[in-house]
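First the structure, in the form of structure tokens, and then the observations on it.
Per chain, numbering begins at 1; letters A, B, ... match sequence-line order. Computed from heavy atoms alone, side chains included, the values below leave out hydrogens, waters and symmetry copies. Computed from a prediction, not measured in an experiment: that's the story for all the values here.
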Amino acid sequence: MSMSERKLTPDLFRPANLGTGKGEEITKPSLSFWQDAFRRLKKNRAAMLGLFAIVFIIVFSLIAPSLSKYGMDDQELMRANLPPKIPGLEKIGFLGVDGVDIRGVDQYEMKNVPAEDKFWFGTDPLGRDQWVRVWKGTQISLYIAFLAATIDLIVGVAYGGVSAFYGGRVDDVMQRVVEVLVGIPNLVVIILFIIILDPGILSITLALVITGWIGMSRIVRAQILSLKNREFVLASKTLGSTNGRLITKHLLPNTLGAIIVTSTFTIPGAIFFEAFLSFIGLGIQPPTASLGALIADGFRSLRIYPHLAIYPASIMCILMISFNLLGDGLRDALDPKMRK
Amino acid sequence: MLRYITKRVFAMFLTLLIIATITFFLMKLLPGSPFNNQEKLTESQRYALNEKYGLNDPVPVQYINYLGKLAQGDLGYTFQFDGRTVNSMIANGMGPSATVGFEALVFGTLVGLILGIAAALKHNSFIDYGAMVMAVFGIAIPSFVFAGLLQYYVGVKLGWLPVAFWNGPEYHIMPAFSLSVGVIATVARFMRTEMLEILGTDYILMARSKGISKQAVIIKHCVRNSMIPIITILGPMAIGLITGSLVIENIFAIPGIGEQFVKSINLNDYPVIMGTTLFYSFLIIVIILVVDILYGIIDPRIRVAGGKS
Amino acid sequence: MEKLLELDNLHVSFQTYGGEVKAVRGVSLSLDKGESLAIVGESGSGKSVTSKAVMRLLPNKIGSIKEGAIRFQGKDLAKATEREMEKIRGAEISMIFQDPMTSLNPTMTIGKQIMEGLRKHQNMSKSEAKERSINLLKLVGIPNPELRVDEYPHQFSGGMRQRVVIAIALACNPKVLIADEPTTALDVTIQAQILDLMRDLQDKTGTAIILITHDLGVVANLAQRVAVMYGGMIVETGTVDEIFYKPKHPYTWGLLASMPKLNSDSKELLAIPGTPPDLMNPPKGCPFAARCPYAMEVCLEHMPEATNVSSSHKAACWLLDERAPKVEPPEAAVVGGAR
């Protein structure tokens, strides 16, 4: 149906009745920044997988310990060092959860453990249920990490925000302080503080926070400094907005993306340092245990009782990877320019 | 440039002084002297020991003495072995520590560069995704967890490599590789992002519009320019290596500084803790300083700007 | 006369997440030896894509030539291999980009960047290439070329950098120079200098120029012929005089009307209301119909064909059909009074 063949009727040459606004019509649905960011995040399969794994592990760490009738410190030397035995899966040999240790001896039989007692992750050298200890440890690691991230966030945002917002001499003084602190390697500061404060949940968190907030404060400061002189902020200022309104309506919402991304990366960092401290003997002290402490203990008897290290190590790896995937996804979704 | 370096070196010594001061007073805050725990000692022996190490002097005097010795590079005596200095302990451990660190850095950077370049050139391909999955794993999994797993599977189960100790080249492989995983991942990711950014710039299009072959453009313009900013992550990477080495040396029983440091923490050997802490601080601060200066020298944009001001 | 470069019904598409964007939809153009042709249009009209297609520098995986031919001295570049293109780029056809701040490699001396093409296409030795680079820098009006040849791009101002870019583009005496908005990123005073330089160099070297711009002032300065692009198509072509004084397409009227005039009483700049069409789902009829004040029903349904106004002047508009009502261009679109 070529149009040159078809006769064009004269009535086609009447002026077309175009709606007045047709040319101006916006053809695509508009999305707010957060809707758009969330849509991008949802599309990122790796990030969603990470988010799912994190939620799963958090929920599981809360309910899993109650699935066992043993508590965190229920010692019983008669059932020490039992390999894992999971009902249902014990028939499948290669999973290694049939209660047989690496020498091929069924430890449950040898130690006369009652048939109904099955330790899903095995037991440690003091006969404590490793299942309970691992999930409690996960709780503690996550607790330390979230606490550290929250304090970092509060201190960092406040410090960076004040420094950038007031600028001038205030900024000068505050930044000189930061410069000195940045020069001190955080490894050194953390170790020194733990030595002084004695290892415990609170002291480890504090040690992490002492240097941790600086990163956050620098990012917030940089963001607010660049936002402060942007036209929309100046416009709002010209229209007589108060400082409070400027901060809550313009500066903070536009910095939020960077803050969220930074916090997401603070958490795996804190989990790492907590585990690191356990390794060099400055971690959580027994009988409490964190993932790091469990892994450190497990590595000492890795050759004979690999199950002691493998389970907490796997959970820690999944957590670390998940937070990194989620952080990457959030960064891509919230601030494509920050990608690095 | 010279003024900048002078300023930085001055700031470096100031930071070191602050660290030394903090370290000293924190150690003084700890209750009692290190000899209190050793019950075998009589009161007079303990007094003699305290006298010998200058622990009976008033704190300000101790502080001045401490700084004076520090200025001469003397980090004091260890409590573990009679008469051995912290300096000699660090000197003894330096060899293995530096060797592993250097091997990990070189190997990790090389592999990371190759992976990053390949991922960027084959953007959105199987290679790209594979390399980036590996990079996320490498960044997320702590080197000591990786080391432990490697030691168990490759050392114990397969028996391909010696499980621990430091007796020859084959003993280097597992520790150096464990340490390098983070380096590989960081460098690969950084290189990929840099490359992708530069591949999209006008000057790459300009170079191609001159008729230069794609390969030549990639090597001469893209890889070269992407590698310059890699220098900026050398500092954080070196810190990561030092942190990792503390535990890796412990896991593989390598007689390095890190292993001694961890041992001294468990024995409350304060002079060694203080000395090694200061040594690490010094190392890290110097590395960051050198990296910053190096970056200024290599990047022509900064080089000239610095020269003019 | 043998055409130097001829585009025949060129179609270029981009594969994006949202679907296929038909950026160029059937562009036909020709360029004679030593001629200068301007392609004018607003952003997104497909003018830059057309030029990159000629150089075969479309982004690798997403952009592709769907249909049509690019004949350069009788050879179809649309089907040329990468190796063949390497011989043509820089030596036969070269390109100047919009932003001189980003089109030079910041870590390479400008001498080296000029020498690259020379050494590739003319097999010059290092010293020969360097000497030629110095001469080229002198030619484009850079003072102290012997010293500046070893300097880095950031040591040059924007205008100076664009001169360097021009020197690079002209290094191997190409037959065609494609200038993609060569003055957009520069200060107004520098713009005039660069345009003067380009006209001057064209007189000296006889290079044909394709000038891509949205600035009609630049067109009047440099071009002999003009092609007006809209929605991935050419809506009107003609000589500069024909386009400026006897425009036939309502879009061209709109472009001319939106140009600020010194002698006009009107205080307001006239804008063309509306936005360019969505090239993911291009309209069936004339791409400009939705914004055209004279649109007829036929415009919405049927694509207008290019109609000859004179031997050199063509426009694709239904208003030129004999059945259409007679419409005079609005007063604001008349340049310097009716002729």
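By the neighbour-count criterion of 12 heavy atoms within 6.0 Å, atom CD of C:Glu42 is densely surrounded, having more than that number from other residues, nucleotides or ligands. Around atom CZ of B:Phe137, no more than 12 heavy atoms belonging to other residues, nucleotides or ligands sit under 6.0 Å away. Atom CZ of B:Phe102 has 12 or fewer neighbouring heavy atoms from other residues, nucleotides or ligands inside a 6.0 Å radius.
Residue C:Thr102 holds its OG1 atom at 11.5 Å from CD1 of B:Ile204, rounded to the nearest 0.5 Å. Distance check, rounded to the nearest 0.5 Å: CG of B:Leu205 to CG of C:Leu58 gives 9.5 Å. The CZ atom of B:Arg208 sits 7.5 Å away from atom CD of C:Glu86, with the distance rounded to the nearest 0.5 Å.
What you find for B:His221 and C:Asn105 is that their closest heavy atoms are ND1-ND2, 2.8 Å. Here the closest heavy-atom approach between residue B:Ile212 and residue C:Gly117 is recorded as CD1-N, 4.3 Å. The two residues C:Thr107 and B:Arg224 have their closest heavy-atom pair at O-NH2, 2.8 Å. In terms of heavy atoms, B:Asn225 sits closest to C:Pro106 at ND2-CD, 4.1 Å. Between B:Ser209 and C:Leu57, the shortest heavy-atom distance links the atoms CB-CD1, 3.8 Å.
Within the 4.5 angstrom heavy-atom criterion, no atom of C:Gln98 approaches chain B. Neither the backbone nor the side chain of C:Leu118 comes within contact range of chain B; no heavy atom of the residue lies under 4.5 Å from a heavy atom of that chain. C:Lys52 touches chain B through its side chain: at least one heavy atom from C-beta onward sits under 4.5 Å away, while N, CA, C and O do not.
The main-chain N or O of C:Ala171 is never found under 3.5 Å from a side-chain atom of B:Lys210 such that the two would form a donor-acceptor pair.
Counting only heavy atoms from C-beta outward, the side chains of B:Lys220 and C:Glu116 approach each other to under 4.5 Å.
With chain B as the partner, the residue from C:Met85, C:Arg83, C:Met55, C:Met108 showing the most heavy-atom pairs under 4.5 Å is C:Met108.
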